[in-house]
Structures are given as C-alpha cells and as structure tokens.
Amino acid sequence: MAASGEGASLASAAGGEDGRRRRVSYFYEPSIGDYYYGQGHPMKPHRIRMAHSLVVHYGLHRLLELSRPYPASDADIRRFHSDDYVAFLASATGNPALLDARAVKRFNVGEDCPVFDGLFPFCQASAGGSIGAAVKLNRGDADITVNWAGGLHHAKKGEASGFCYVNDIVLAILELLKFHRRVLYVDIDVHHGDGVEEAFFTTNRCIIKKVMEVYQPDVVVLQCGADSLAGDRLGCFNLSVKGHADCLRYLRSFNIPMMVLGGGGYTIRNVARCWCYETAVAVGVEPDNKLPYNDYYEYFGPDYNLHIQPRSVENLNSTKDLENIKSMILDHLSKIEHVPSTQFHDRPSDPEAPEQEEEDMDKRPPQRSRLWSGGAYESDTEDPDNMKTETNDLSASSVMKDESNDDS
C-alpha cells in the first residue's frame, strides 16, 4: 500500500463530475434485518434493511460497488476480544435461561445486551463487513467504504456493553494499522465510543478526536451513530439529517481513504433516512427530499420526506464551560506526537475468506421481505446520467400514501 499522500485520491468537496470518480464500496448482508434484540429493545437491526431499501429505491446502488461481507471468524474476532468471551458468545444461543449465571454477570449480558437467537452470527456479519471494508482500503480497491451494520463502539475486550457485543471498529482499525501508520477515528454519535478508546488508550497510532489537520492520519474511520437524531427520547439536541452528514462531507474533502460505519440510534425511521443520505453524500449526490416509494414507505409518514425538521432547543452550554473545554483540548493537542513511531515487526496475516459453495447468481433466494439481490427494480432508471450531483436534485418518483405509522 502506498504511503500517506500517495494512495487513492479523493475528489474535492464540491459537486460536479468529481463525485462520480469516487470509488465507494458498500457492504450489506441481506439477512441482517432478521435479527431481533427482543420486544421493547431500542436496538433494531431492521433499520439497516430500511436504509438499504431507501438506497436502492433512490438508485444510489448504481453508483456503488456492493459486496456481501464474509462472516468474521472466531480467529478474526479474537484479534481484540478475549478467548473466553468469544467462546461464550459463540455458545450463547438458544434459551438464555440455560446460561451460567456467573458467565452472564461476568460478560455483562442481560437487559441492555440480551442473548437473542442468532447473536453470534449477527456479530460475525457486523464485524465481517467492517473488516472487509478495511481490507478494501488497504488494497487500494476503494476510496470510501461503508458498513451500516458496523459501528458498535461500546463493546469491550471481555464484555458486552451498550447493545454492542463485538467491537467491529477496533477490529477494522487493527486491520488498517497493518498498512497505515496512523488512523483517525471520528465518532459523531451522541454517546462516547468508550470501547474503542479503551482498546487504543496506550498507543498513538489510533487517534480518537474530532480535529484532523494536527494528526496527519493515513486513513479515517467515521462512526455515524444516529442517536443524536433521537432528540426528545434522549433529552439531547435534535440534529438534522443534513447536519449529521456534514462531518462526512468535510472529511471526504481530504486526500485520504475513509471508512464509514453505522452505530446507535433510537428511532429506526430517522436512522434509515440519515444513513441513506450519508450514502448519497459519499457518492456525491443530493437526493430529492420526497422519498421514493419503497418497501417501508409507511414508516416515514406523515410527511414522507428524507430530511427531518429539527426542533429548536435552548443552548445550556455556558461561555465559561466552552472556553474551559477549548483550553483543555488545545492543551491535549500540544502534547500529541505528530508522527507515530513504531518498531519493525512481522505484519499479521490477512483474514481469509471461508470456503463457500458457489451460488447461482441468477436465482433469487426466497425472502420474507423484498430485498435488493443485485438486479434492477423495474421502477429504477437505467441511465446514470439521470443522477444529479450535489448542486442539483436527484430525480426519483415518489408515491404518496394517506396512511402514517409511528416508528416505535
């Protein structure tokens, strides 16, 4: 892999033809929406399927390289997580009541992190997508990689935390560090990425900050958890979809590869819209605000718009507090090494894809819901020239419904 500054070049932040040349690789596992944390749990993998449906019906998939991730193996996951914890996750399927009470307490599974059917395959799919996204960047096969099933930033080395069991971000960063001197991890979730911070607390090769010019990173990992869109439910600020994507748009303007991951989110329809819009930003497209008819159209009533109207809330941050935080950050920045120093060592082996039977790509498997399987929907346009750049609207047909449905 080329050294920093010599790798794949990203286009400028401006619109126009530059956006078309950006190679964006998008990872999606069609079964990811089948996993279920349990009744009333705010973590809903179904939102990933909803976001994917929007991506497809907007026609964005025609500007992406789509990949189905290989499931991460036990060995891949043990590159960060402890052996006994991985063994527990692999065995923690079926009836949770049969689990050893001491293990349940030790590995912090329970109310926030329940043991549900297919827990370990879910973790393997999430981690496999992020590891595969890192491999793409290492090989120079993409400028931007996307895995909305990733971004599980709370998982610790030996325990679950905050709805997260396997920290795909740490595994992806470890993969990136095989080739890159320094990785910048930017977390714009309203919750702190404590699992990632703990993993790299003693090294200067992964910087977990929101300022990048100082650190001279070789590659950026951006976690786009949409908890900040929950607003009233969390008692925090209510950020718009466009505002949430501004960070991605800014980072995209730098001449370095970037990985974009999912994460938290308490309202599934807001998260789906947010991730769809960020996918559009990645390929340099400004989609129409009116949603095209899609598999989950009724979720987005009563307005059926892509963008969310944010509420005005009082700013309770005092000028004094902000100045103190600014001074503390500047003090920390002054102590960061500009270029990391690492000893020479053998590079760890690359993850190997499991052997799989060849699939008939012309045969569509039976599915409970309508998922994109590589072919074109009849409602989609075949002409990529109909896709407009950031300065224009993306043409998309939309069918309005009178019904509306809450996203509880």
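When a residue number appears, it is its place in the shown sequence, counting from 1.
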*May I ask you to say whether D143 pairs ionically with R23, meaning some side-chain N is under 4.0 Å from a carboxylate O?*
yes

_Listed partners of D100 passing salt bridge (charged side-chain N to carboxylate O under 4.0 Å, His left out), at least two apart_ = R102

State, with a plain yes or no, whether a side-chain heavy atom of [X] is found less than 4.5 Å away from one of [Y].
X	Y	result
F179	V219	no
N167	K156	no
F163	D112	yes
F200	V170	yes
R47	N270	no
V260	E278	no
S53	V56	no
L89	L119	yes

*Is atom NZ of K105 surrounded by more than 12 heavy atoms (other residues, nucleotides or ligands) closer than 6.0 Å?*
no

*From the options S130, S161, C123, S126, select the one residue that forms a side-chain contact (heavy atoms from CB on, under 4.5 Å) with L152.*
S126

So, [X] and [Y]: side-chain donor and acceptor under 3.5 Å apart, yes or no?
X	Y	result
Y26	H52	yes
N324	S327	no
D321	S318	yes
E286	Y277	yes

Exam field: side chain [X] to backbone [Y], donor-acceptor pair closer than 3.5 Å:
X	Y	result
R269	G301	yes
H81	K157	yes
R273	I308	no

*Parallel, tilted or perpendicular for Y165 and Y37, by the 30°/60° rule?*
tilted

*Could you label the plane-to-plane angle of the Y296 and Y299 rings as parallel, tilted or perpendicular, counting under 30° as parallel and over 60° as perpendicular?*
perpendicular

Closest heavy-atom pair and its distance - [X], [Y]:
X	Y	value
A125	I32	CB-CD1, 3.9 Å
N108	A160	ND2-O, 2.7 Å
R68	P30	NE-CD, 3.6 Å
A127	L171	CB-CD1, 4.0 Å
T279	W275	OG1-O, 2.8 Å
V186	V220	CG2-CG1, 4.3 Å

Could you state the interatomic distance from [atom1] ([X]) to [atom2] ([Y]), rounded to the nearest 0.5 Å?
X	Y	atom1	atom2	value
R79	E175	CZ	CD	5.5 Å
I131	D76	CD1	CG	4.5 Å
R22	L63	CZ	CG	11.5 Å
D117	Y35	CG	OH	9.0 Å
D194	H153	CG	NE2	7.0 Å
Y58	D288	OH	CG	6.0 Å

*Taking it one step at a time, do E65 and D141 satisfy side-chain contact (heavy atoms from CB on, under 4.5 Å)?*
CA-CA 10 Å; E65 178 198 55; D141 293 337; 5.9 Å; no

_ring pair (Phe, Tyr, Trp, His ring centres under 6.0 Å) for Y297 and H57? Distances and angles first, verdict last._
CA-CA 11 Å; Y297 192 70; H57 284 85; 9.9 Å; no

*Among R182, R181, K178, whose salt bridge (Lys or Arg N to Asp or Glu O under 4.0 Å) with D218 holds?*
R181

*Which residues satisfy the side-chain hydrogen bond (donor to acceptor under 3.5 Å, both in side chains) test with Q124, sequence neighbours excluded?*
none

*Dump the intermediate steps for side-chain contact (heavy atoms from CB on, under 4.5 Å) on M50 and N294, then the final yes or no.*
CA-CA 9 Å; M50 291 175 59; N294 61 85; over 6 Å; no

*Between I77 and F120, does a side-chain contact (heavy atoms from CB on, under 4.5 Å) hold up when you go through it step by step?*
CA-CA 11 Å; I77 297 173; F120 196 58; 3.8 Å; yes

*Could you walk me through whether F116 and H41 pass side-chain contact (heavy atoms from CB on, under 4.5 Å), step by step?*
CA-CA 11 Å; F116 56 87; H41 200 287; over 6 Å; no

